[in-house]
Amino acid sequence: MIDSLLIANRGEIARRIIRTARRLGIRTIAVHSDVDAGMPFVREADEAVCIGTAAAADSYLRQDRLLDAARATGAQAIHPGYGFLSENAEFAEAVVAAGLVWVGAPPASIRAMGLKDAAKERMIAAGVPVTPGYLGADQSPDRLRAEADSIGYPVLIKAVAGGGGKGMRKVDAAADFDAMLESCKREAAASFGDDRVLIEKYILSPRHIEVQVFGDTMGNVVHLFERDCSLQRRHQKVIEEAPAPGMDPETRAAICDAAVRAAKAVDYVGAGTIEFIADGSEGLRADRIWFMEMNTRLQVEHPVTEAITGQDLVEWQLRVASGEPLPLRQEDLAIDGWAMEARLYAENPASGFLPSTGPLDRLRFPAGVRIDSGVEEGGEVTPFYDPMIAKLIVHGDTRAAAAAKLAEAARQVQVWPVRTNAGFLARAAADGDFVAGRIDTGFIERHADRLIPGTAPSEAVLQAAAAAIVPARSGDPWQDLVGFRANAPAVRRVEVEVDGTPYLVERTVAPAATIDGDVLYLDGEAWSFGPPRADHAGGTGEGDGAIMSPMPGRVIAVLVKEGQAVARGERLLVLEAMKMEQALLAPFDGVVGALKVAAGEQVPEGTLLARIEVGEG
Ligand code: ADP
């Protein structure tokens, strides 16, 4: 077994790897950027080396500095985690050339799976079912159009070098094909320097099913069953689970065997994931599940597999990289119960999932469930890296039990002042269709109305705030009665301000909320509250209509004009921040009173972009 390990990553995955390495008696070396110096993973490693400044290109992606750090600390091996350099074949080769152990996939396997067309060709040769389509040997538009016609619409045009959801176009009808092809090729050339495309049948009711595989240096490959990652937002996974709902033993055997064949076809060693797309319109059927791609690394969602198999996949990685055989044989592996994972992000669902950065003055997680997190209370979410705060991982005897646990865990999350998607996760996990297993990759978009909370506080939040301001009974009934009317039942009214907006609340029953100073936590959401400020008394109850930039960014579109009437929730402007597009919405029905910016402008945080005024009739 290796005796020392440098972790070329940060945050929760660095901590996760340190935890297992420590248990196995392996010395750990963290590397970090200057802004990460105070992070828990830096402190928890036996040693730490600063390798550059905040931008990943100047630190976590600097191959030379990572190798220097390994040399300087006498590290014997490098674990790349996920993201960053984990699927970089050149780096893997450089690590090995430096005489170090690479705790990752062999460079040749990484390369074999790197391009979508070549990967699909190898899978076809290995007898793995792939999505019906055309691999694009002839790239002439006429040929591509003819292939799309014979596949049948809708089709998906995919850049062969694509990744991260980029370079994909869904085409619904033949008439749109030429325009879509052109725009896909343009994006592919700009993003990947390779404009070749392939054509795939567009799968209806698509479900994302993936299989965890593991290989060792003796040529053994096993699978650790499937995960379902269909709950996605913009092709990003939100909730993952294992096993997959509705999977019968025959279908499982078929896709898990296909996954093992796929891994063997590229002489795979270490942890890998074979991603499939399934047509779930009539349940899961072996003849309607097709290979999509292979991820040649450990996945973010590996804990759900750990939870149902009782295995530590990082330990498996370290053993395999040390030259040991796989810890278990296929027949020793079994599924126990059901596991789910939710990704807790620093983002605000109510404002179009805008990333939310800043200090973590409060960060409380539920007890009794597995939490994999890279940050701690008193720390910070910086704008430089992935905004994931934590993964909530639960396990139950049944799927229903796991979903209930996950919903409860998300409800108990308390974070302030950074905004999170905890309330959204709680709603998703408790959603009737989700609990019934009626999921596909369009689930979140289709049910956005009931999953995404509004910017305004719910009645429950207002009740809890009112109860916190005016405790239930003061002894003097008259003191509690504001707005008392003769000849009418006494109504206990309380004026409260929630997130800066005043409300008049008719007290009924307050739900159990956590109150900490002037912040209220309820069902995963957090609200500032208090008695109304003097300058707000008599306000509209809807905020002042100022549309401010929530973070530094670039205005990429202005969708309204001055004087235009807008409805609450209507898109006003689109801001690009942290590489994501975010729409800013009208807070209430009104008129665009002032528009302060134009498309293309760079704006600092807190800039007044527009003002919505209460309309005239
Ligand atoms: P990338 O490499 O950019 O992540 P993938 O090929 O993995 O692209 O596809 C990303 C997502 O797009 C999948 O998770 C799935 O939701 C959707 N998708 C991919 N191929 C198809 C298809 N043929 N039909 C329907 N949806 C698809």
Side-chain angles (χ1 to χ4, degrees), residues 82-83 86-88 110-124 128-136 144 147-148 150-172 177 180 184-185 187-188 190-211 226-241 244 255 259 262 272-281 284 287-297 299-301 343 386 439-446 579-580:
Y82 53 70
S86 59
E87 294 182 275
N88 186 306
I110 298 176
R111 286 213 171 87
M113 290 299 188
L115 288 176
K116 289 185 199 291
D117 56 343
K120 278 181 85 174
E121 237 157 65
R122 278 187 97 130
M123 292 303 104
I124 293 167
V128 175
V130 306
T131 323
Y134 172 63
L135 292 178
L144 292 169
E147 293 289 347
S150 75
I151 293 164
Y153 290 92
V155 299
L156 205 57
I157 308 176
K158 277 189 187 179
V160 302
K166 266 205 156 155
M168 282 201 293
R169 292 288 185 284
K170 181 185 176 209
V171 190
D172 290 314
F177 186 84
M180 290 296 200
C184 186
K185 278 186 170 288
E187 181 173 305
S191 304
F192 314 111
D194 181 345
D195 77 347
R196 287 175 302 147
V197 298
L198 54 83
I199 315 277
E200 269 182 15
K201 179 153 195 60
Y202 186 82
I203 307 303
L204 299 171
S205 302
R207 281 179 62 182
H208 178 118
I209 310 263
E210 57 183 36
V211 176
E226 81 280 1
R227 296 184 284 257
D228 189 315
C229 312
S230 298
L231 232 75
Q232 305 181 350
R233 202 180 72 79
R234 294 198 190 151
H235 300 308
Q236 304 265 33
K237 297 164 186 167
V238 177
I239 294 180
E240 302 103 338
E241 59 184 300
I255 75 154
T273 294
I274 315 286
E275 294 189 338
F276 294 92
I277 189 159
D279 170 350
S281 55
L284 291 176
D287 61 350
R288 291 195 189 168
I289 301 182
W290 301 278
F291 170 86
M292 199 159 48
E293 66 173 347
M294 177 170 194
N295 289 323
T296 50
R297 55 174 162 81
Q299 301 268 103
V300 175
E301 60 272 24
R343 301 189 188 190
D386 186 88
I439 50 171
D440 61 53
T441 60
F443 180 92
I444 290 176
E445 209 169 283
R446 205 162 49 244
K579 295 190 192 120
M580 290 177 65

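Keep in mind it's a predicted model, so treat the numbers as computed, not measured. Read the numbers this way: they start at 1 and go in the same order the structure lists the ligands and their atoms.
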**Asked** Rounded to the nearest 0.5 Å, how far apart are OG of S205 and CD1 of I439?
**Response** 12.0 Å

**Message:** Looking only at protein heavy atoms, which one is nearest to atom 8 (O) of ligand 1, and what is the separation?
**Reply:** K116 NZ, 3.4 Å

**Fill in**
Residue, atom and distance of the protein heavy atom nearest atom 3 (O) of ligand 1 read G165 N, 2.5 Å

**Prompt:** Going by the order shown, which atoms of ligand 1 are within less than 4.0 Å of some heavy atom of Q232?
**Reply:** 14 (O), 16 (O)

**Asked** Going by the atom numbers of ligand 1, which of them fall below 4.0 Å from some non-hydrogen atom of H208?
**Response** 14 (O)

**Request:** For L156, take its heavy atoms, then give the atoms of ligand 1 lying under 4.0 Å from any of them.
**Result:** 19 (C), 20 (N), 21 (C), 22 (C), 23 (N), 27 (C)

**Request:** Tell me which protein heavy atom sits closest to atom 10 (C) of ligand 1, plus the residue, atom name and distance to 0.1 Å.
**Result:** M168 CE, 3.8 Å

**Complete:** Heavy-atom nearest pair, D279 first then S281, reads OD1-OG, 2.6 Å

**Carboxylate-amine/guanidinium proximity below 4.0 Å for E275 and K237** = yes

**Request:** Could you tell me whether K158 approaches ligand 1 through its side chain, its backbone, both or neither, with non-hydrogen atoms closer than 4.0 Å?
**Result:** side chain

**Asked** Considering only protein heavy atoms, which is closest to atom 11 (C) of ligand 1, and at what distance to one decimal place?
**Response** H235 ND1, 3.5 Å

**Request:** Please step through salt bridge (Lys or Arg N to Asp or Glu O under 4.0 Å) for the pair E301 and R343, ending with a clear verdict.
**Result:** CA-CA 9 Å; E301 60 272 24; R343 301 189 188 190; 3.1 Å; yes

**Prompt:** Is the backbone N or O of D195 less than 3.5 Å from a side-chain atom of K185, with the two atoms forming a donor-acceptor pair by type?
**Reply:** yes

**Request:** May I ask you to identify the nearest protein heavy atom to atom 26 (N) of ligand 1, giving residue, atom name and distance to one decimal place in Å?
**Result:** I277 CD1, 3.3 Å

**Message:** Strictly distance-based, threshold 3.5 Å: is any side-chain N or O of K120 a donor or acceptor partner for the main-chain N or O of T131?
**Reply:** yes

**Asked** Which atoms from ligand 1 have a heavy atom of E200 less than 4.0 Å away?
**Response** 20 (N), 22 (C), 23 (N)

**Prompt:** Does K170 have a non-hydrogen atom less than 4.0 Å from ligand 1?
**Reply:** no

**Identified side-chain hydrogen bond (donor to acceptor under 3.5 Å, both in side chains) counterpart of D440 within the set H208, Q232, R446** = R446

**Prompt:** Have E210 and T273 got a donor and an acceptor in their side chains that come within less than 3.5 Å?
**Reply:** no

**Distance from atom 7 (O) of ligand 1 to nearest protein heavy atom, with residue and atom** = E293 OE2, 3.0 Å

**Request:** May I ask you to decide if A244's main-chain N or O and E226's side chain share a donor-acceptor pair within less than 3.5 Å?
**Result:** yes

**Structural part of I203 in contact with ligand 1, heavy atom criterion under 4.0 angstrom** = both

**Complete:** the protein heavy atom lying closest to atom 25 (C) of ligand 1 turns out to be Y202 CE1, 3.3 Å

